[in-house]
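All of these numbers come straight from a predicted model, not from anything done at the bench. Numbered from 1 within each chain, the chains take letters A, B, ... in sequence-line order.
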Number of protein chains: 2
Amino acid sequence: MRQFINKFLCVSVLVFFYVSDTNAAIDRVDLIVRGGAVVTMDKDFRVIERGAIAVRGNRIVEVGNEVDIRRRYVARRYIDARGRIVIPGLINAHTHIPMTLFRGLADDLALDEWLTKYIFPAEARNVTEDFVRAGTRLGLVEMIRGGTTTFCDMYYFEDAIADETARAGVRAVLGETVIDFPAPDNKTHEAAMAYTTRFINKWQANDLITPAFAPHAPYTVSEEHLNNVRRAAERLNAPILIHVAETKKELDDSLQNKNASPVAYLARINFLSPRVIAAHVVHINADDIRLLKQSGTGVVHNPQSNMKLASGIAPVPQMLTSDLPLGLGTDGAASNNDLDMWEEIDTAAKLHKAATGDPRVVTAREAFAMATINGARALHLEREIGSLEKGKRADIVIVDADAAHQTPRYNLFSTLVYATKAADVRTVIIDGRIVMLDRRLLTLNEPLIKRQARAWRARITRSLAAPSNVSN
Amino acid sequence: MRQFINKFLCVSVLVFFYVSDTNAAIDRVDLIVRGGAVVTMDKDFRVIERGAIAVRGNRIVEVGNEVDIRRRYVARRYIDARGRIVIPGLINAHTHIPMTLFRGLADDLALDEWLTKYIFPAEARNVTEDFVRAGTRLGLVEMIRGGTTTFCDMYYFEDAIADETARAGVRAVLGETVIDFPAPDNKTHEAAMAYTTRFINKWQANDLITPAFAPHAPYTVSEEHLNNVRRAAERLNAPILIHVAETKKELDDSLQNKNASPVAYLARINFLSPRVIAAHVVHINADDIRLLKQSGTGVVHNPQSNMKLASGIAPVPQMLTSDLPLGLGTDGAASNNDLDMWEEIDTAAKLHKAATGDPRVVTAREAFAMATINGARALHLEREIGSLEKGKRADIVIVDADAAHQTPRYNLFSTLVYATKAADVRTVIIDGRIVMLDRRLLTLNEPLIKRQARAWRARITRSLAAPSNVSN
């Protein structure tokens, strides 16, 4: 009996130590993605061939190899990524999301004709809060399906865009347009400033939404109004989105009217800063690149839109050499005509090889970085997103790697950039929440959204057939 | 009773007339595709919104609106294309299909380094008949999945490629390489000529395969050997495929060594003719375009490969203005890195807008024509394929039109070119035979093919790690 008691005590002690040791080492988390090749996009571009990611709440707790993560964490939920590639959510750093409703409305026209005969009248006659909500939902479906977890938008009724985006569980920097013309929502500069101030105050604490000012361009917003925006943005600590040097005409007009390139003009009026995100930035020279770099301005390259609208080819290799925070964007669907970041990455990697005659410029890894960590830098969000690292928000995308068009696989970045398509995206997690699982959308009603988009098409088509004085 | 007999006679007569009328009008066919928007690509670019196509054997019997076709034909089998888009099968007019096994082997390198350190050694150490068969099957999976029904190939062991292609039910123009270096299959010019002659005799009567000569390029095949090829091709009535003016270096060398551009040199030696299909054709001038046009040479544009290898940008707007028979190709997967004609079409439509600064050049419809009817013209097969017209081969592709990225739809050509992806292809019919139905491949074992491709990757990787004197 005594022997038995001794044995019992001995075993109990062992069990106690074992359990307490286990308790000490094993941490509880909400989600573990395990088994895929994890492309971290950290500063060493580390790829973990059989990796895993532990997530608690909306943040990444740990990234490592599968065995280590299994030893240290138990999760409420597991997602199996074996045989797949796990990447940071893609960042579409410049778009106009509601313009999905104008996708294919008009193409292959001179810029003037395209704008004045189609886009401006279509916007003047249709852009309401309802339009913006319908177009945003359509764009959200497309972006989630393609693995985009963050987008940066410039449009009207951004408060409605924020509402739809947050409901869908997608991350965004949303810039309300400030322009020296009556806009669909705000008719005066003062109204736009008041709207945007309210908008920023309302959303600034949201985990997903970063509200911002979006003065349209240096040639459509006066110096005085740009200064107003800058001061208000400083006061509210909000980003500023702006189109810069998109066309040759903009450059020529700026040189003539302001005796400076668009970038130099913005630098002269102290507009550039680490809160500014400049889109397009096509017609720039070495001085402009230096000014952008010195000021900490984020820059967004939009290769497919620049090609389709014949805007020109941005000097991306030079921008990369200068280590500008350079992201990638699709622009609006009217000038692309999709929100597909995979095609944008592929095009970014190829276009500059053709433009420079050097096949070594813009490598696959550099192009992929533009859509992830450097997109985050362009949006000044690199401390929160853009890579799969401990402490960052859990924006995680799982990509199939077994399609015929991806086979065989010699190099991960080559497979991702030159061979992977939006349709290969399988599962999307944003801020720790699964928004698409095995291609099934969990936060949006896709059939209804497409039906509503088709109804808007009919209405937009009718509006353009009507005499212009009726609805303009 | 008499009244009854009268009635009976009367009804009988009516029934007789009805039945005989029906018999006269109703024709039996094998297959009807019905209900989709049929993009015919005929000379008027007619689109039939609720169209149908009747197929008997391997040919199209009738294309028309659904109601008319239903009134006139009954089929053994119907395919419902309602809500979808029905297009002629896409034509990939220049590729090297077995090179799918080198997809992503090396990228972003100077052309010399890419060729001499990777592609040439990889080919020298691996290209056998087995390799070619495995790579062909992989490429066939990818092409069928993306709606490509005809491809034009230049490689080695083309007899094996023909065998795999015909088994899979895919149409192809297959050119056996003739080059003044020892090739993986034929070590001398004489051996290559003998092989190709046998190859052409063997396959020329096949419904799917058009066997051809493929002298590699004007700078890798001597004038004497080019003349041999031309004479043999005339005797055998076979096409001739050749790379022409792909790089600036080729142009410069040709000007120096032959005192003529590559095109002018080929014209001078009477090589150009309506049996020639010239790929790339990047570095050409107005005189070259005139020579190509006058000779009836087919031309193939390869925008993504030309970008990725930094070869340059072909003067496509000028070629279109001159109404050259201009098709579109992906080139091999090592320099693309996929065989995706949808991305090639999209790029063709955008690249030249950027290159010329004019957003009106290469319209969506022109780009789509390059992948269909003008691709057929480039291959000199426009009487058989390239459009959905009575009498042509039944190469028919049904495309989903309801994805978020295609919504809404204002213009069919815009939707097809700027928004549709390979993954939207639903059903593929080649020569009257269904080879993919609702994305299910019916003629190829995809899992096995991918497994074999991965085994080849391992072998290729090992071969490049080995000392070069062992296997070179």
Have D107(A) and Y410(B) got a donor and an acceptor in their side chains that come within less than 3.5 Å? no
Mind ranking [options] by heavy-atom pairs under 4.5 Å with chain A and telling me who comes out on top?
| options | result |
| --- | --- |
| E142(B), K248(B), K308(B), M143(B) | K308(B) |
| T100(B), I313(B), N306(B), L101(B) | L101(B) |
| T407(B), L309(B), D424(B) | T407(B) |
| N411(B), L109(B), V141(B) | L109(B) |

Indicate yes or no for a side-chain donor-acceptor contact from R103(B) to the backbone of H405(A) under 3.5 Å, with no hydrogens or angles considered. yes
R457(A) side chain to R409(B) backbone, donor-acceptor under 3.5 Å: yes
Which atoms form the tightest heavy-atom contact between [X] and [Y], and what is the distance?
| X | Y | value |
| --- | --- | --- |
| P408(A) | A453(B) | CB-O, 4.0 Å |
| A423(A) | A423(B) | CB-CB, 3.5 Å |
| A404(B) | L138(A) | O-CD1, 3.9 Å |
| G357(B) | A310(A) | C-CB, 3.5 Å |

Using a cut-off of under 4.5 Å on heavy-atom pairs, state which of [options] scores highest against chain B.
| options | result |
| --- | --- |
| T356(A), T461(A), V362(A), I460(A) | I460(A) |
| E113(A), E446(A), Q406(A) | Q406(A) |
| P359(A), A354(A), P303(A) | P359(A) |

[X], [atom1]: over 12 other non-hydrogen atoms inside 6.0 angstrom:
| X | atom1 | answer |
| --- | --- | --- |
| R360(A) | CZ | no |
| F413(A) | CZ | yes |
| F131(B) | CZ | yes |

Where does [X] contact chain B at under 4.5 Å (heavy atoms): side chain, backbone, both or neither?
| X | result |
| --- | --- |
| Q304(A) | both |
| D402(A) | both |
| L351(A) | both |
| T363(A) | both |
| K421(A) | side chain |
| R145(A) | neither |
| I449(A) | neither |
| A403(A) | backbone |

Whether R365(A) and D108(B) form a salt bridge (side-chain N of Lys/Arg under 4.0 Å from carboxylate O of Asp/Glu) is what I want to check. no
Is there side-chain contact between D346(A) and E343(B), with heavy atoms separated by less than 4.5 Å? yes
Could you state the interatomic distance from OG (S335(B)) to NZ (K350(A)), rounded to the nearest 0.5 Å? 9.0 Å
Could you point out which residue of D338(B), N337(B), N336(B) forms a side-chain contact (heavy atoms from CB on, under 4.5 Å) with Y418(A)? N337(B)
Which residues pass the ring pair (Phe, Tyr, Trp, His ring centres under 6.0 Å) test with H280(B), sequence neighbours left out? H94(B), H243(B)
